[in-house]
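Only one structure is covered here, and it is reproduced in the block below.
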Amino acid sequence: MGTLSHHEKAYISLTSGLKELDLRGPAIPSDLVLIGDHAFPLAMNAEGQVLMAASLFGRGRMVVLGHESYLTAFPALVENALTWLRGDGSENPLVGIHQSCKPVADNLCRSVFQAQLVGGFLQDLGLGVYVVDAYSMAPDVKSLVEFLKAGGGLLIAGQAWSWAGQHPKQDVLKAFPGNQVPSVAGIYFSEHCGEVDLLPVYPQIPTSWLAVVIGKDFKDDLESLLQGVSELDISGGAIASEVLVHGPLAFPIGTTPDGRAFLAGAYYGRGRVIVTTHEGFMGRQNLAPFWKNALRWLDEGRNGVFGILPKLDHAMTLFSQMGVTCQKSGFSKDLSVYVCTTYSNKQAEEIQQFVAEGGGLLIGGHAWYWAQKHPGQSPMKDYEGNHILNKMGLSVLGSTVKSGCYKAPDPAKACKDNYHFRRMLRRFASHVTQGEELTAHELVGLKKLGGDCASYLNMKAHHCPSYTQVLSTLTEIVMRSGMPKVCGSCPVSSPKDHLLLSIGAEVYKVCPDPDALLPYLIKDNPAMCVFYNYRIPINVDTAGSEWISTGLYLSPGMKTYMAFPAQIVNKGWHVQIGCQTDHLRHETLKRAPCVHERFPVTSEMMQVWNLWGGLLYMVTPPKTQVGGSEVMVQVAVPSPYYKSGVTTPADWALMRQSPAPWAELEFENIIFTVPSDAIRHLERPDEVAALWNRIMRGIADLAAVSHKYPRKERFVADVQISHGWMHAGYPIMMCSSVAPELVNPEASGRKNLWGFIHELGHNQQRGCWEFKPNTTECTCNLWSVYVNEEVLGIKRAEAHPALKPESRLSRQEEYVKSGRNLASWTMWVALETYLQLQEAFSWAAFKKVFAAYHDMSDVPGDNKGKMNLYTKTFSMAVEHNLCAFFKAWGWPIEAATEKELSKLPPWTNHPMARYQ
C-alpha cells in the first residue's frame with residue numbers, strides 16, 4: 001500500500017501548483033455525486049460536498065467542475081486538467097472548445113495547447129481533449145461516449161440545481177442533459193447546491209465522513225417498482241443470500257424486519273440494475289406483479305429485447321407472459337436488458353460498460369453455498385458475481401436470509417427509515433465525532449453495521465476512491481473512539497462497543513498505516529522477551545486438516561516474517577494466529593467477536609500478524625505428507641509448551657515461566673490450550689499426560705478404533721465461547737474457568753471430568769448410528785460413563801447425579817406413562833435405553849456394534865431406517881432378537897426387521913418387559 005494508486009497520481013497531477021481554491025462569490029455550484037471504482041473528488045467543502053471531480057471511462061479521462069464559471073476562475077486548474085486529460089505520453093495540443101466556453105480559448109492563447117472553437121463535437125477533428133458546459137452536449141452524447149472509450153479527454157462544467165427547480169417532477173440524475181455523459185464515468189450533477197468557501201488543496205485526495213452520503217431519494221423508484229405490491233414472498237425451499245447495499249445510488253427493495261436485504265436496485269452510469277439473491281425468485285409466479293414493474297423500470301420505455309441466460313427457463317417463461325420481447329441468449333450489447341446469474345464473471349467489464357451506457361441488468365444468485373465451498377476466501381472480493389456488482393454498489397454476501405413472506409416497504413418512509421449501509425455509517429460517524437444522539441432504531445442498526453463494515457472492508461479495493469473514503473471514515477471513528485476495554489471482568493454490551501470490537505481488527509488489517517492505528521486499539525501491550533530466527537520442524541502425515549503447534553506467540557499487533565519451504569507454498573497450507581476460533585454473537589461480550597487470523601501460504605517469505613495476537617500455528621491441508629522440512633519465524637514470543645517425549649523436566653522448569661499468556665500441553669492423542677496461569681505451578685505434566693493418555697485410549701477402545709488417533713483432539717480455553725460451557729469440534733472449546741480441572745491430575749483424576757469426556761464423545765458420534773435430534777446429547781454420554789467406570793474407576797451413579805438409580809427409574813416410568821412418545825425420547829431418557837443394553841450385554845457388545853458400523857455403506861438417511869438397522873446390528877452382535885425391547889421403547893420396528901431377526905432367540909426378560 002506504499003505505492004501511489006492511479007487515482008492518487010492523477011490527483012497530484014491535477015492539483016499541481018495549487019494551494020487553495022477560492023469558491024467564494026456569486027457562483028453557486030452543484031454538489032456532485034460519485035459512484036463506481038474510478039470517480040474521485042478534486043475539491044470537497046467542509047460539509048463533505050464534492051464540487052469538482054475526475055474519473056476514467058474506457059481508455060479515456062474526464063474532469064467535471066460544479067459550475068461553468070470555474071472554467072475561467074481557475075485557469076491553472078484548467079491547464080492541469082487539459083494536460084492530464086490528453087493522457088500519459090500524449091502531446092496532442094488540439095483542444096476542442098464548445099463556443100459556449102469561448103473564454104477558455106482566450107485563456108489558452110499563451111499555453112502549449114491549440115484551442116479550436118466548435119459548435120459541437122466532431123469525431124474527425126483529431127482532438128485530444130474536448131471542453132464543454134453541461135448545457136451544450138445533448139446532441140453529441142453518443143459520440144462523446146465513444147470518444148471517451150477510445151481514449152479522449154473531456155472537461156465538463158455546469159450546475160443542475162437551477163434546472164431541477166424548473167423541472168420539479170423529473171429525476172435530475174437521469175434527466176438533466178448534463179448528466180448524460182459524466183454519468184457513464186460515475187459522476188453526476190445533483191440538484192443540491194454546494195456550500196462555497198475558501199478550500200485548501202490537500203496533498204491527498206480529500207475525504208470526510210460527511211461525504212458518506214446517499215446520492216438520491218429513491219421514493220419515485222420504489223413507487224414504480226412496488227406499484228400494486230404489498231408483500232414479497234420468498235418462502236419455500238430456496239435459500240437466499242443477503243445483499244449488502246453500499247453504493248450512493250444503490251437502494252434496498254425487499255428486506256427482513258431487521259434490515260437484511262434480499263432484493264435491491266441501483267443506478268449505474270446511465271443504466272439500472274436489480275439484484276435478487278436467489279435466481280429461482282425470477283420465475284416465481286407469486287412475485288409476478290413485482291417483476292412486471294421491475295422489467296418496465298429496467299427497460300425505461302425502450303420496449304427493447306430482454307436477453308435471458310438459457311439456464312433461466314423459469315424466468316423466460318414468466319417474463320414472456322408479461323408481454324416483453326424475450327430471447328434466450330448470452331450477453332450482447334444490443335439488448336435492452338440482460339438477465340443472468342451471479343455465478344460467472346465472464347464479460348464482467350462488457351456488462352458493466354453496457355449498464356453504464358444505459359442498459360438494464362437483472363441478475364440473481366446466492367453466495368452462501370460458494371462461501372461454504374471456499375473457506376478462507378471473501379465473498380466480497382472473490383465471489384464471481386461480485387466482480388460485476390461491487391462497482392454498482394451492491395454485493396452478495398455469504399450470509400443467508402430466512403425464507404418468509406415480507407411486507408413491501410412504504411416508499412414514502414423507506415428512504416428515511418430503512419437500513420442503508422451509508423446512512424447508518426454516516427449517522428454513527430456523526431455520533432462519534434459530533435456527539436449526535438442516535439435513536440433507539442439506529443442503536444439497533446449498529447449491530448448490523450458492524451458486520452457490514454467488516455464485509456465491506458474485505459473487498460480490499462484500495463484502488464477504488466469510494467472504498468478509501470469509507471476506510472478513512474472508519475479509521476477516524478476508531479481513532480476518535482478507541483477500542484473499548486473488554487475482558488472477563490469488564491464485559492461490554494452497548495451497540496457502540498459491539499460495533500467498535502467488530503470493526504477494529506478489520507480496519508487495522510486494511511488501513512494504510514496500521515502501526516499508527518495500533519495505540520488507539522490496544523492500550524496495554526507490555527514488551528516481552530522474544531526468540532529470533534526460530535526454526536519449526538515440519539513432519540506431518542495427516543488425514544484431515546490439523547493445527548501444528550509451534551510453541552510461539554505473537555503479542556497484539558506484533559508482525560513477523562516467516563520463511564517457508566517451497567514444497568508447502570500454494571498447497572493449501574495456512575498460518576493461524578490465535579487459538580480461540582469461535583465467532584461470538586452474544587449480547588454481552590467478554591472479548592471481540594473474532595480474535596484469530598489466518599494467512600494462506602502463497603510465497604516462500606510472508607509477513608503475518610493479528611491485532612489481538614495469539615499462539616502461532618501452521619495449519620495443514622487434508623491428506624498431507626511432508627517430512628524433513630522446516631519453517632523459520634523471524635521474531636516471536638516463547639510460550640509455555642510441553643510435548644510428551646520431547647520436553648524434559650529441566651526444559652519444562654524454564655519453559656513454564658515463558659511470558660506468553662497461553663500455554664499448550666501436547667500428549668499422546670490430545671492437546672490442551674489453557675491460560676498460562678493454569679500451568680505456572682505445574683511441576684509434573686507427565687502425570688497429567690499419563691491420566692489423559694489412559695482416558696484417550698479408553699475412548700478409542702469403546703469406539704473400536706486404533707489407539708493412535710488420526711488427528712490429536714484439542715481442548716482450547718477461552719474467556720467466552722459461542723455457546724455453553726463447552727462445545728465439541730476441532731478444537732473442543734471450553735470456558736477458561738474450567739481449564740484448571742484439565743491439568744490437575746490429583747483432583748480431576750477422581751471427579752469433574754464428565755463434561756470434558758462428554759465433548760470428546762460428541763466427536764466420536766457418527767451419523768450412521770445417530771438419530772438426530774433425539775440422540776445428539778445422549779450417545780456422547782456413553783463415553784462419559786465408560787471412561788468413568790473403566791478408566792477412572794468411578795461408578796456411573798457417582799459419576800453424574802442424573803444416573804442415580806432413583807432418577808433413572810423415575811424417568812423411565814414417566815416416559816412409559818406418557819405414552820412412549822419418541823419426541824420425548826431424548827438425552828437422559830434415551831441414554832437409559834443404551835444403559836439397559838450395556839447392563840445386560842456389557843460394553844463388549846457396544847464395541848462389536850461400533851466395529852460393525854465401520855464397514856457399512858448405504859446406510860439409510862432417515863431415523864426410522866437407521867433405527868431398524870441399529871436393531872438388526874445390535875441383535876446380531878449379542879445373538880438375541882431385540883425387537884421387543886426396542887418396540888417397548890417406542891422405536892418404529894418394521895415387520896421386515898422382525899422377520900429377519902426371528903431366527904434369533906428373543907430377549908424376553910428385558911428391563912421394559914414389566915411395562916408390557
Side-chain angles (χ1 to χ4, degrees), residues 540-544 546-549 642-647 664-674 679 682 684-716 726 728-732 734 738-739 741-766 769 779-796 798-800 803 831 834-835 837-838 841-855 877:
V540 297
D541 185 357
T542 69
E546 64 182 79
W547 304 357
I548 300 175
S549 299
Y642 175 88
K643 186 171 184 178
S644 294
V646 175
T647 308
E664 290 200 318
L665 305 176
E666 181 170 351
F667 305 143
E668 187 179 80
N669 282 309
I670 196 165
I671 304 168
F672 297 148
T673 308
V674 297
I679 57 84
L682 178 63
R684 296 291 304 273
D686 57 313
E687 293 181 350
V688 184
L691 170 66
W692 281 95
N693 289 345
R694 288 167 52 217
I695 290 173
M696 297 306 290
R697 290 170 192 163
I699 288 172
D701 284 341
L702 180 58
V705 296
S706 168
H707 281 181
K708 180 175 174 52
Y709 283 49
R711 176 176 68 180
K712 294 183 181 184
E713 296 278 17
R714 280 184 178 270
F715 273 95
V716 171
M726 297 184 212
Y730 183 82
I732 297 170
M734 62 183 175
V738 301
E741 298 172 17
L742 282 175
V743 296
N744 184 346
E746 293 183 2
S748 64
R750 294 190 299 272
K751 59 181 180 178
N752 296 336
L753 292 184
W754 179 281
F756 301 107
I757 303 166
H758 171 98
E759 303 304 339
L760 289 166
H762 272 305
N763 285 357
Q764 294 297 325
Q765 288 174 319
R766 300 291 178 266
W769 45 260
T779 51
C780 54
N781 285 327
L782 289 172
W783 276 266
S784 293
V785 177
Y786 180 85
V787 169
N788 271 280
E789 288 190 336
E790 301 299 313
V791 178
L792 303 178
I794 302 173
K795 295 180 179 179
R796 61 190 64 183
E798 299 171 4
H800 196 286
L803 297 187
L831 183 62
Y834 296 94
L835 292 182
L837 288 168
Q838 189 279 324
F841 299 107
S842 81
W843 289 114
F846 280 88
K847 294 175 184 179
K848 287 180 67 175
V849 169
F850 290 140
Y853 272 97
H854 293 329
D855 300 322

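Between Trp754 and His800, the ring-plane angle classifies as tilted under the 30° and 60° cut-offs. Ring-plane geometry between Tyr834 and Phe846 is classed as tilted, the angle between the planes lying from 30 to 60 degrees on a 0 to 90 degree scale.
Using a 4.5 Å cut-off on side-chain heavy atoms (C-beta onward), Gln764 and Glu713 make contact. Taking the side chain as every heavy atom from C-beta outward, Asn788 and Glu798 never approach each other to under 4.5 Å. Contact annotation: the side chain of Pro731 approaches that of Trp547 to within less than 4.5 Å [non-hydrogen atoms, C-beta and beyond]. Looking at heavy atoms from C-beta onward, Leu760 lies in side-chain contact with Phe715 at the 4.5 angstrom threshold. Side-chain contact between Leu665 and Val674 is absent, with no heavy-atom pair separated by less than 4.5 Å. Side chains of Leu753 and Trp692 form a contact here, defined as non-hydrogen atoms less than 4.5 Å apart. Contact check for Phe756 versus Val738: side-chain heavy atoms found under the 4.5 Å cut-off. Looking at Ile732 and Val716, their side chains never come closer than 4.5 Å, going by heavy atoms from C-beta outward.
The two atoms that bring Leu803 and Val785 nearest to each other are CD1-CG2, 3.8 Å, heavy atoms only. For the residue pair Asn763 and Ala728, the shortest heavy atom distance occurs at OD1-CB, 3.4 Å. Across every non-hydrogen atom of Ser549 and Glu664, the tightest pair is OG-OE1, 2.6 Å. Smallest separation of non-hydrogen atoms from Cys780 and Gly761: CB-C, 3.6 Å. Residues Glu546 and Pro710 share a closest heavy-atom pair of OE1-O, 3.9 Å. Between Ala700 and Ser706, the closest heavy-atom pair is CB-O, 3.5 Å.
Under the side-chain hydrogen bond (donor to acceptor under 3.5 Å, both in side chains) criterion, His762 pairs with His758, Gln765, Glu777, not counting sequence neighbours.
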Item checked: side chain to side chain contact (heavy atoms under 4.5 Å, CB included) between Tyr786 and Asp701, intermediate numbers included -> CA-CA 10 Å; Tyr786 180 85; Asp701 284 341; 3.9 Å; yes
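Summarising the geometry, atom NE2 belonging to His707 is positioned 11.0 Å from atom CD1 belonging to Ile699; distances are rounded to the nearest 0.5 Å. To the nearest 0.5 Å, the span separating CG on Leu702 from CD1 on Ile757 amounts to 11.5 Å. Rounded to the nearest 0.5 angstrom, Leu742 CG and Leu691 CG are separated by 9.5 Å. Atoms OG and CG, from Ser784 and Leu792 in turn, are 10.5 Å apart once rounded to the nearest 0.5 Å. Atom NZ of Lys643 and atom CD of Glu666 lie 4.5 Å apart (nearest 0.5 Å). Summarising the geometry, atom CG belonging to Leu831 is positioned 6.0 Å from atom CG belonging to Leu782; distances are rounded to the nearest 0.5 Å.
Listed for the Arg714 side chain is no donor-acceptor partner under 3.5 Å among the backbone atoms of Phe672. At distances below 3.5 Å, not a single donor-acceptor pair connects side-chain atoms of Lys712 with backbone N or O atoms of Ile671. Asn669 contributes a side-chain N or O that, together with a main-chain N or O of Tyr709, makes up a donor-acceptor pair within less than 3.5 Å. Using a distance-only test at 3.5 Å, with no hydrogens or angles considered, a donor-acceptor pair links the side chain of Asn693 to the main chain of Glu668.
The six-membered or imidazole ring of Phe850 lies near that of Trp783, with a centre-to-centre distance under 6.0 Å.
Annotation: cation-pi pair Arg711/Tyr730 present, NZ/CZ under 6.0 Å from the ring centroid and within 45° of its normal.
For residues 782-791, the set of pairs meeting the salt bridge (Lys or Arg N to Asp or Glu O under 4.0 Å) definition, not counting sequence neighbours, comprises Glu789-Arg796.
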